[in-house]
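Residue numbers run from 1 in the order of the sequence given. Counting convention: from 1, in listed order, for ligands and their atoms alike.
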Amino acid sequence: MRSRRGFLGGAAAAGLAPAFWTHASAQARLAADPFRVGVASGEPLPDGVVLWTRLVTNPEALGAGMAPDRVEVRWEVAEDPALTRIVRKGDATARPEGGHAVHVEVEGLKPDREYWYRFTAGDHASAVGRTRTAPDPGADVQRLRIAYGSCQKWESGYYAAHRHLAADNPDLVLFLGDYIYEKAANPEEAIRLHPPTDAVDLATYRQRYAWYKADPDLQAAHAAAPWIVMWDDHEVSNDYGGDADRTPLTRDLFLKRRAAAYQAYWENMPLRRSSRPSGAKMPLYRALDWGRLARLAVVDDRQYRDGRTCDAVAEGKRIPYDCPERLAPKRSILGRDQERWLERRVSDTQARWNFLGQQTLMGELRVEDGRVSNDGWDGYPATRRRILETWRDASVANPIALGGDVHCFFAGDLALERGGRAIGTEFVGGSITSFGRPNKSLAGALLVNPHLKYAEGEKRGYGRVDITPKACTVTFRGVHNALDKASPVRDLAAFVVEDGRPGVKRA
Ligand code: FE
Ligand code: CA
């Protein structure tokens with residue numbers, strides 16, 4: 001990786017974006033490499049996939065080093081990594097009003113097979129990415145590997161975890177939020193810096209994504225497999241929910257900020273047009289099928305949630321367990337429409353394994369003084385109950401929740417009552433870089449939350465899920481040292497859920 005100039009150099013570069021452009025045609029004017037943030041794919045279907053890139057010549061500059069002109073981009077998809085057997089190709093236009101992002105929805109591919117792709121613009125070619133399609137809906141699929149991660153705060157470490165995740169050769173990567181962090185860099189705890197301002201508008205959110213995406217290990221993970229992405233709070237603002245965050249912004253100003261953040265998210269992710277934002281709204285929850293083996297429903301617990309509860313008696317986010325407002329049956333972390341949608345997705349499934357991708361720890365977490373957080377599912381226990389009841393009443397096959405956000409690895413049983421029978425199982429996959437919490441405090445948490453069977457807060461990393469018709473094996477992968485780009489990785493723990501037997505069991 002080229003050396004970073006530090007944030008003073010970066011800020012200077014932002015003010016003095018070099019004139020890469022002449023007055024010739026748009027293609028001829030593309031003098032600098034516009035593929036500095038790499039390529040990505042996502043949203044695999046049996047006959048197609050989304051290809052993504054964003055033209056950026058200077059990842060650190062406000063404006064990405066791009067002049068406000070349209071640029072024609074070509075794309076090609078091949079059956080081999082050397083791109084000799086091209087099966088689809090076409091053109092797309094990168095527009096300045098869209099952040100020079102390109103989203104191509106490729107169709108007409110064969111199910112359940114690998115493809116390779118790249119983009120070209122002017123005389124420049126992108127890196128080659130690998131992707132794959134999903135199997136046919138009725139296919140008897142024998143295996144699926146999903147790697148999942150979350151929380152990749154730039155200043156807190158290097159992306160060694162992404163390098164290892166790519167090397168694990170997953171069929172799918174699931175990213176569960178906190179892809180960027182919106183706050184100004186804090187030089188005191190940073191090992192590398194991004195701009196010393198908060199991301200608050202379209203230009204600064206765009207800049208933050210480009211800055212993160214310049215990382216070669218993150219690019220390698222995107223180029224390794226199709227991604228399914230869901231955001232959490234930091235793609236907009238810390239702990240936001242619905243139409244409010246923790247800053248003093250009025251509702252209107254917050255929704256303006258949210259609209260800018262959603263637009264930048266759309267521009268920077270390999271998503272379908274069906275997820276495109278309109279103002280401060282962006283439809284992101286969706287489901288993906290992998291033959292008859294697995295269904296993955298990914299839910300958005302930020303955009304539609306009811307406001308925080310019990311603030312009057314809160315210590316930070318910690319609220320008393322018996323605060324009555326918390327338990328109100330109509331409170332929802334997903335909103336009514338999304339809850340209904342999810343109910344349908346878990347009722348009409350043919351899949352042997354039914355995954356719920358969601359941002360955080362789904363099970364209850366009481367801390368030692370008996371309090372719970374009002375920023376996650378414990379602030380909305382009625383939604384959790386409704387989902388577990390649906391799993392039980394519809395006899396959903398093998399429900400498994402995958403989560404992130406809490407910067408710890410957790411494995412736990414999901415039950416309707418404390419000490420009750422497990423209806424589902426959950427695995428929270430740590431954080432890529434963001435700081436965790438001491439294992440000493442987590443050991444105390446395991447004692448007061450016996451449904452949680454495993455917790456690890458000191459290691460950074462990701463989760464790997466290996467699914468066959470008979471079993472789902474989840475391996476927590478921890479890097480030795482997230483402050484070291486070249487850090488090795490090891491298995492921290494592995495668990496197996498056998499078909500028809502919910503609950504955490506060591507592999
Ligand atoms: Fe986080
Ligand atoms: Ca978060």
Within the 6.0 Å centroid threshold, strictly below: Tyr148 and Phe427:
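Between Phe427 and Tyr148, which both carry aromatic rings, the centre distance is not below 6.0 Å.
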Ring centers of Trp231, Tyr179 separated by less than 6.0 Å:
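Between Trp231 and Tyr179, the centre distance exceeds or equals 6.0 Å.
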Do any of the N, O or S atoms of Asp375 sit under 3.0 Å from the Ca ion (ligand 2)?
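No, since none of the N, O or S atoms of Asp375 sits under 3.0 Å from the Ca ion (ligand 2).
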With a cut-off of 3.0 Å, does Asp405 put an N/O/S atom close enough to the Ca ion (ligand 2)?
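Checking Asp405: at least one N, O or S atom is under 3.0 Å.
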Taking the six-membered ring of Tyr159 as reference, does the cationic atom of Arg192 (NZ for Lys, CZ for Arg) lie under 6.0 Å from its centre and within 45° of its axis?
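Yes; both conditions hold, so Arg192 lies above the ring face of Tyr159.
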For the residue pair Tyr240 and Phe254, does the interplanar ring angle fall in the parallel (under 30°), tilted (30 to 60°) or perpendicular (over 60°) class?
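Aromatic pair Tyr240/Phe254 classed tilted.
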OH (Tyr181) to the Fe ion (ligand 1) to SG (Cys151): angle, nearest 10 degrees?
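OH of Tyr181 and SG of Cys151 make an angle of 100° at the Fe ion (ligand 1), to the nearest 10°.
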Can you name the N, O or S atom of Asp178 that is closest to the Fe ion (ligand 1)?
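That would be atom OD2.
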Could you check which N/O/S atom of His407 is closest to the Fe ion (ligand 1)?
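It is NE2, the N, O or S atom of His407 closest to the Fe ion (ligand 1).
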Atom nearest to the Ca ion (ligand 2) - [X], N, O or S atoms considered:
{"X": "Asp178", "value": "OD2"}
{"X": "Asp233", "value": "OD1"}
{"X": "Asp232", "value": "OD2"}

For Glu456 and Asn439: C-alpha separation, side-chain torsions, deciding distance, then whether side-chain hydrogen bond (donor to acceptor under 3.5 Å, both in side chains) applies.
CA-CA 6 Å; Glu456 161 61 61; Asn439 282 340; 3.2 Å; yes
Let me know which of Arg208, Arg206, Arg54 forms a salt bridge (charged side-chain N to carboxylate O under 4.0 Å, His left out) with Glu267.
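Only one option passes, and that is Arg206.
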